[in-house]
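This report refers to the structure that appears directly beneath it.
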Amino acid sequence: MTLSDLHRDDWARFTPRQRMQRYAMFLLGALAVGWALGSIDVIWAWVWDAPVQMGDLFGRMIPPDPTNLDTILWVLWETVNIATIATAFAVLISLPVAYLAAQNTTPNRATLWLGRFILVSSRSINTIIWALLFVAIFGPGIVAGIVAIMFRSIGFIGKLLGEAIEEIDKRPVEALEATGASRFKIIAYAIVPQVMPTFWAVSILRWDINLRESTVLGLVGAGGIGIILQGAIDTFNWPEAATVLLAILVLVILGEIVSAFLRRRIL
Amino acid sequence: MGPAGTGRVRNREIQMLKITELVKRYGSGDPVLKNLNLTIEGESVVSIIGSSGAGKSTLLRCINRLVEPSSGSIVLNGTELTKLRGRELRAARRKIGMVFQGFNLVDRLTVMENVQSGRLGYISTWAAVMRRYPKEDIRRAYELMERVGIAHYADKRADELSGGERQRVGVVRALMQKPEILLADEPTASLDPKTSEQIMGLLRDLAGELKLPVLINIHNVAEAKEYTDRIVGMRYGRIIFDDLPEKLDQDAMDKIYSGSPAADRAGTPGEMREAS
Amino acid sequence: MSTARDTWHRPPFIANPILRWAVYLGVGVYVLWTIATLPIDWARVAEGLERAQRIFGGAFPPSFARSGLLIDGFLESLKIAILATFGGVLLSIPIAFMAARNISPLPIYYLGRALIIIARSFHPVIVAIIFVKAVGFGPFAGVLTLVVYSIGFVAKMLAERIEEIDFGQVEAMRAAGAPYLSTLFYAIFPQIMPRQIGLTIYQLDSNLRASAVVGIVGAGGIGSTLANAFGRYDYDFALAITMVIVGVILVSEAVSGQIRKRI
């Protein structure tokens with residue numbers, strides 16, 4: 001139905017060349033879906049059976065079992081701490097990285113590329129993969145989780161902050177250069193105030209994301225609520241798994257409310 | 001009578017800026033400034049007029065080295081500015097105040113912080129970051145703000161002020177440096193006519209009170225004539241007029257603005273580009 | 001002449017001093033307390049550093065010897081991403097309409113919002129674990145997971161777009177007595193289509209990224225290959241896989257950015 005709709009859309013708004021490009025794009029899309037469907041390695045009998053299996057699984061989750069609720073809540077609090085501490089450290093570390101990675105503040109080409117390299121490697125490797133590595137180094141537990149989340153967040157915060165630094169109004173910087181202020185003071189007076197709103201917004205946003213990320217660290221042994229979830233699933237204790245899932249849902253929604261409040265308050 | 005109650009003891013030497021054979025060339029193109037010579041002595045208010053592209057702004061920015069001159073010499077009170085590097089350059093810049101067309105304030109800082117940023121070259125990094133300004137600087141800031149009529153805004157954020165008020169903050173910031181010369185790059189171009197007159201009047205009065213030479217780029221010839229002691233006319237990187245305001249007659253105007261869009265404003269039909 | 005003032009303090013961010021100090025104190029206590037109670041086992045960390053050396057030692061140089069496995073893993077990730085994007089976007093459209101306040105009746109609106117919130121709240125890895133348990137290991141669990149993941153993002157953005165549409169056209173259609181579906185086709189789809197295409201391409205890119213992760217818990221694709229290599233201490237192969245993942249993600253990000261810029 002989307003295709004037929006586009007057809008109607010096309011005649012009014014696009015030149016024939018654009019229309020051809022659009023057709024080509026949709027054809028390409030259809031071919032890609034066809035190729036993926038035709039060659040993916042799935043057992044189709046399982047696919048047809050999936051709704052039944054899902055129904056069965058969710059059936060076994062009801063009613064959720066609250067007997068371990070106090071432990072669950074305590075570990076949930078620990079999960080919040082992981083997210084918060086990791087975000088705080090990541091923010092601190094990402095400041096100099098953003099400074100290096102922004103074209104208008106970086107001292108020279110080499111530092112620019114160093115900054116960008118840090119950002120790219122941090123951002124491209126997912127938290128879970130970082131967690132795998134740090135569990136191997138620090139052993140299972142929340143330290144590995146904090147470091148993993150931190151490593152992933154540095155790239156995210158640093159990239160957005162770096163872009164904010166590149167987009168600042170350069171006129172105050174010029175004015176302070178003209179007063180004979182040193183480099184560091186120019187940063188403190190002309191650049192920092194301008195990126196402050198972005199700084200807070202990005203930190204809050206990343207905290208919100210990290211709250212979600214920290215719920216899965218436990219699945220690779222890096223602490224937090226994921227450990228209890230994994231335990232419940234491994235022992236087929238579906239009612240308890242359901243409690244954990246509900247707890248995570250509430251946590252994430254609360255996190256979103258808190259970050260929305262902070263954003264309004266600070267910006 | 002002390003100088004305008006600013007509590008400031010200025011040496012009685014005559015301030016002097018001497019520019020010789022100044023050349024500025026961007027890339028490989030035609031130079032923007034062509035062997036320019038200009039001397040400013042005493043506490044006069046000097047305006048530079050000329051159509052856009054004449055090199056006014058480049059000239060001003062060469063003086064405090066926001067733009068790097070290609071060759072030539074600029075001497076301010078015995079210091080050769082063109083050869084300075086790093087710390088020495090920053091020390092020299094402290095003696096040169098600058099006021100900008102776009103005010104160039106930090107919007108999210110308070111008026112007081114903006115004003116104190118003129119002192120950044122003098123105070124420690126710790127004091128700057130913690131906003132622990134020396135008592136003397138705060139007193140001076142209040143006095144200057146009082147003088148230009150913005151003292152009651154000290155705690156307001158700069159972006160809450162009107163254009164004229166913002167420019168007053170810009171002027172106070174420059175004066176906080178205790179400059180030996182004040183540069184103003186189109187200080188009134190972003191303001192409405194009435195505010196613009198006020199700011200020009202303020203600059204003229206302050207120059208007298210503080211015994212401070214002021215060099216103003218301006219496109220409004222009427223304001224230049226009314227508020228300044230001497231007019232320098234620039235055209236294509238050269239000075240082609242340099243005299244008292246009353247000597248700026250129609251003939252001189254034609255020479256300064258001919259063959260440029262500003263010719264209309266000067267009230268003459270654009271004549272052919274003269275070979276200069 | 002006014003009295004000379006020689007003190008000035010920056011107006012504090014929180015005007016009420018009691019509240020201000022309470023906030024500072026609260027934050028300080030929280031940070032100190034959490035850091036102090038972190039169960040860092042320094043002996044284990046010291047041992048871990050040795051282990052890290054072994055891991056990095058084993059990882060260099062990265063081994064591309066089993067590049068066949070690597071390519072298969074990637075193709076599978078790509079297939080998972082394509083199918084999940086297709087299914088996710090398709091499902092997102094009705095859900096987005098349900099969750100658009102200006103179109104749906106209240107109960108349906110709440111249902112739509114609830115679906116989106118649930119899909120957004122759970123990290124794909126958690127969703128993947130559940131699907132792996134329900135439908136078994138392999139790429140099918142991965143596709144289902146990323147369908148949910150796609151709904152969380154695409155349906156949310158699309159619903160917001162629908163809420164912003166110019167309602168004059170819809171009313172004109174309704175006034176002309178057009179049936180509900182025709183209203184959708186003629187008045188709303190043309191307005192949301194450009195956004196939809198951009199979102200789809202963005203989501204394909206996201207899904208490719210995410211598929212590398214959900215594989216770690218058994219949902220197929222390159223992530224499974226990576227988890228296996230890690231589990232078997234083949235650190236050199238694991239590094240090779242990670243490097244390729246990073247490369248592919250960078251390329252995919254650049255391509256999707258380029259395409260979205262052109263639309």
Side-chain angles (χ1 to χ4, degrees), chain B residues 1-9 105-120 122-123 125-161 169 172-173 175-176 209, chain C residues 1-38 40 42 45 101 120-121 153 156-157 159-161 163-166 194-195 198-199 202 205-206 250 253-254 256-258 260-262:
Chain B
M1 271 292 281
T6 51
R8 165 135 186 265
V9 183
L105 305 180
V106 186
D107 283 344
R108 296 180 57 85
L109 292 185
T110 58
V111 167
M112 179 59 95
E113 285 164 304
N114 269 292
V115 164
Q116 292 292 349
S117 65
R119 298 296 296 166
L120 283 181
Y122 296 90
I123 64 176
T125 303
W126 173 252
V129 171
M130 297 309 292
R131 273 68 175 163
R132 296 259 171 81
Y133 305 119
K135 281 190 184 322
E136 191 203 323
D137 286 355
I138 294 171
R139 196 179 313 121
R140 182 174 157 77
Y142 273 122
E143 280 165 7
L144 286 168
M145 286 195 285
E146 195 93 39
R147 168 65 186 83
V148 304
I150 53 167
H152 50 297
Y153 290 139
D155 285 350
K156 280 217 175 194
R157 256 172 56 164
D159 53 4
E160 292 176 66
L161 271 53
V169 177
V172 173
R173 172 175 64 192
L175 295 180
M176 284 299 286
E209 290 163 24
Chain C
M1 191 73 196
S2 68
T3 52
R5 283 166 289 176
D6 57 7
T7 52
W8 179 83
H9 296 286
R10 189 186 157 88
F13 174 62
I14 303 172
N16 180 344
I18 298 173
L19 184 65
R20 182 166 76 243
W21 288 105
V23 169
Y24 290 165
L25 194 72
V27 171
V29 168
Y30 171 80
V31 170
L32 285 179
W33 179 72
T34 14
I35 293 180
T37 55
L38 278 185
I40 302 185
W42 291 108
V45 172
R101 188 64 206 95
R120 274 170 56 75
S121 294
F153 183 75
K156 176 171 185 273
M157 303 305 281
E160 279 167 13
R161 179 70 190 91
E163 286 175 349
E164 288 163 7
I165 61 170
D166 170 12
R195 178 66 168 277
L199 279 177
Y202 179 84
D205 177 35
S206 290
L250 288 181
E253 190 178 76
S256 105
Q258 276 300 319
R260 275 182 293 146
K261 217 180 283 169
R262 280 206 202 148

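In what follows, chains are A, B, ... by sequence order, proteins preceding strands, each numbered from 1. Only this structure's heavy atoms are used, side chains among them; waters, hydrogens and symmetry mates stay out. Note that the coordinates shown come from a computational prediction; the quantities given were computed from them, not determined experimentally.
Rounding to the nearest 0.5 Å gives a distance of 13.0 Å between CD of B/Gln116 and CZ of C/Arg10. Annotation: the span from B/Thr110 atom OG1 to C/His9 atom NE2 amounts to 12.5 Å, rounded to 0.5 Å.
For C/Tyr202, the ring pair (Phe, Tyr, Trp, His ring centres under 6.0 Å) partners two or more places apart in sequence, or in a different chain, are C/Phe153.
Atom CD of C/Glu163 sits in a crowded spot, with more than 12 heavy atoms from other residues, nucleotides or ligands closer than 6.0 Å. Counting non-hydrogen atoms of other residues, nucleotides and ligands closer than 6.0 Å to CZ of B/Arg132 gives a total of 12 or fewer. Heavy atoms of other residues, nucleotides or ligands lying less than 6.0 angstrom from CH2 of C/Trp33 number more than 12.
B/Asp155 is listed as a side-chain neighbour of C/Trp8, based on a closest heavy-atom distance under 4.5 Å. At least one side-chain heavy atom of C/Thr7 sits less than 4.5 Å from a side-chain heavy atom of B/Lys135.
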